[in-house]
There are 2 protein chains.
Amino acid sequence: MTLPHPTADQISLPNVLAVLGDQTRLAIIGYLALREGQPTMCMQFTDFGSKTNISYHLAKLREAGITRTEAVGTMRLITLRRDDLNARFPGLLDSIITAAVDLPMVQKIAEAQDEMLAVEQG
Amino acid sequence: MTLPHPTADQISLPNVLAVLGDQTRLAIIGYLALREGQPTMCMQFTDFGSKTNISYHLAKLREAGITRTEAVGTMRLITLRRDDLNARFPGLLDSIITAAVDLPMVQKIAEAQDEMLAVEQG
DNA sequence: TCCTTAGTTCAAATATTATTGAACTATTGA
DNA sequence: TCAATAGTTCAATAATATTTGAACTAAGGA
C-alpha cells in the first residue's frame with residue numbers, strides 16, 4: 001500500500017498555508033522538526049489528539065505535500081518534505097519551523113517524551 | 001475612528017498561517033507587495049470580491065497583524081506590517097510574498113490595472 | 001444641505017473543516 | 001491460526017468560516 005503524495009510542483013502555497021494554519025498540524029510539524037533524523041510514527045502523535053484525529057491531520061499534511069508517509073510493516077514513518085518545500089517556496093518551511101518548535105504544545109510533549117525515554121533507559 | 005491592531009508580540013503563527021491560507025487574502029497580500037510604497041485603499045481590491053467581502057478579508061488580515069489599516073478621510077489605507085512580521089517570524093513574509101506575487105489572480109489584476117492607468121494617462 | 005463615495009456591521013444562508021466512535025484492513029508475533 | 005498492534009475509512013455531528021444583501025456611518029464635494 002503506497003499512499004498518494006503530490007509531486008513537488010503540485011504543492012500549492014495557499015494549500016500549504018491553510019494546512020499549517022492549524023494548531024494540531026503545526027505542532028506535528030514542530031515535533032517532526034525537533035526529532036528530525038529519527039523515524040517518527042503516527043503513534044507518537046497521540047498526545048496531540050485521538051488516533052483517528054491524528055490520522056486525519058497526517059493525511060492533510062501528506063496531501064498538501066508537507067510530509068511524506070512511508071508504510072513500513074503495520075506502521076507509517078512520517079518525514080518532512082524539506083527539500084521539496086524549500087525548492088518550491090525557499091525559506092518558508094525554515095521560518096515556520098523556527099517558530100513552531102517553540103509552541104507550548106510541542107515543548108511540553110517533547111519534554112515529557114524525553115523524560116520517559118530517560119526512565120526507560122535507567 | 002482608529003481600528004484595532006494587535007501589537008507585534010500578539011501576532012500568532014497559527015493565526016497568520018490560517019489567515020494567509022485563503023486564496024483571496026493571499027492575493028491581497030501579493031497585490032500589496034507589488035504596489036508597496038503606493039498607498040492602497042480597499043476599493044482597489046474590488047476585483048478580488050464584493051465590497052462587503054473585501055471588508056471582511058481585510059479585517060481578518062488586520063486582526064492577524066498582517067496589515068495595518070489607517071483611516072484617511074472616508075477611505076482606508078492598507079499597508080503590510082513587514083517589519084513587525086519580520087521581527088516576529090524572520091523570513092516568513094518574504095518567502096510567502098515571493099510566491100504570492102506569481103499567483104494568476106494577482107498577475108491578472110495588476111496587469112489590468114496597469115493598462116487602465118496607461119490609458120488614463122494617455 | 002443634499003448627494004455621493006468609501007467603507008462597516010449585522011444577520012442569515014452556505015460551505016468547509018474538525019472531531020468522534022464504530023467498523024474495518026493489514027501486518028506481526030506467539 | 002489467533003490475538004494484538006498500527007493505522008484507515010466511513011458516516012454523523014459539531015464547530016468555523018465564507019458569502020451575501022440590506023441597512024448603516026462618516027467624510028467630502030457641489
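Every value quoted in this text rests on a predicted model; they were computed, and no experiment measured them. Below, chains carry the letters A, B, ... as their sequence lines are ordered, and counting in each starts from 1.
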- Between C:dT25 atom P and A:L3 atom CG, what is the distance in whole Å? 17 Å
Please list each protein N or O that sits under 3.5 Å from an N or O in nucleotides 12-14 of chain C, with the distance.
none

- Spacing of A:Q23 atom CD relative to D:dT16 atom P, expressed in whole Å: 12 Å
- Message: Let me check something: do B:Y56 and B:I66 share a hydrophobic cluster, defined by ILVMFWY side-chain heavy atoms less than 4.5 Å apart, either directly or through other members?
- Response: no
- Query: Under 4.0 Å between a side-chain N or O of A:T74 and OP1 or OP2 of C:dA26?
  - Reply: no
- Toward the 5' end of DNA chain C, by each residue's nearest nucleotide, A:V72 or A:G49: A:G49
- Provide, to the nearest angstrom, the distance between the CZ atom belonging to B:F45 and the P atom belonging to C:dT8. 11 Å
- Task: Write down the distance between CE (B:M41) and P (C:dG7), rounded to a whole number of angstrom.
- Result: 6 Å
- Task: Could you state the atom-to-atom distance from CZ of A:R76 to C1' of C:dT28 in whole Å?
- Result: 14 Å
- Query: Separation of B:F48 atom CZ from D:dT18 atom P, in whole Å?
  - Reply: 16 Å
- In whole angstrom, what separates A:K60's NZ from D:dG7's P? 20 Å
- Per atom distances to the A:N53 side chain, the nearest of C:dT8, C:dT20, D:dT20 is C:dT20
- Message: For C:dT19 and A:H57 - does any side-chain N or O of the residue sit under 4.0 Å from the phosphate oxygens OP1/OP2?
- Response: yes
- Honestly curious: do B:M75 and B:F45 fall in one hydrophobic cluster under the side-chain, below-4.5 Å linking rule? no
- Could a donor-acceptor pair under 3.5 angstrom be found where the side chain of A:T52 meets the base of C:dG21? yes
- Could you point out which residue of A:V16, A:D22, A:L17 forms a side-chain contact (heavy atoms from CB on, under 4.5 Å) with A:L20? A:V16
- Query: Is there side-chain contact between B:E36 and B:L32, with at least one heavy-atom pair below 4.5 Å?
  - Reply: no
- Note on the structure: Closest non-hydrogen contact found for B:H57 with B:T24 is CD2-CG2, 3.6 Å
- Intermediate values then yes/no, salt bridge (charged side-chain N to carboxylate O under 4.0 Å, His left out), A:D114 and A:R35: CA-CA 11 Å; A:D114 283 342; A:R35 309 258 144 174; 3.0 Å; yes
- Spacing between B:M43 atom CE and C:dT4 atom P, to the nearest angstrom: 15 Å
- Task: Would you indicate whether the side-chain heavy atoms of B:H5 and B:R62 approach each other to under 4.5 Å?
- Result: yes
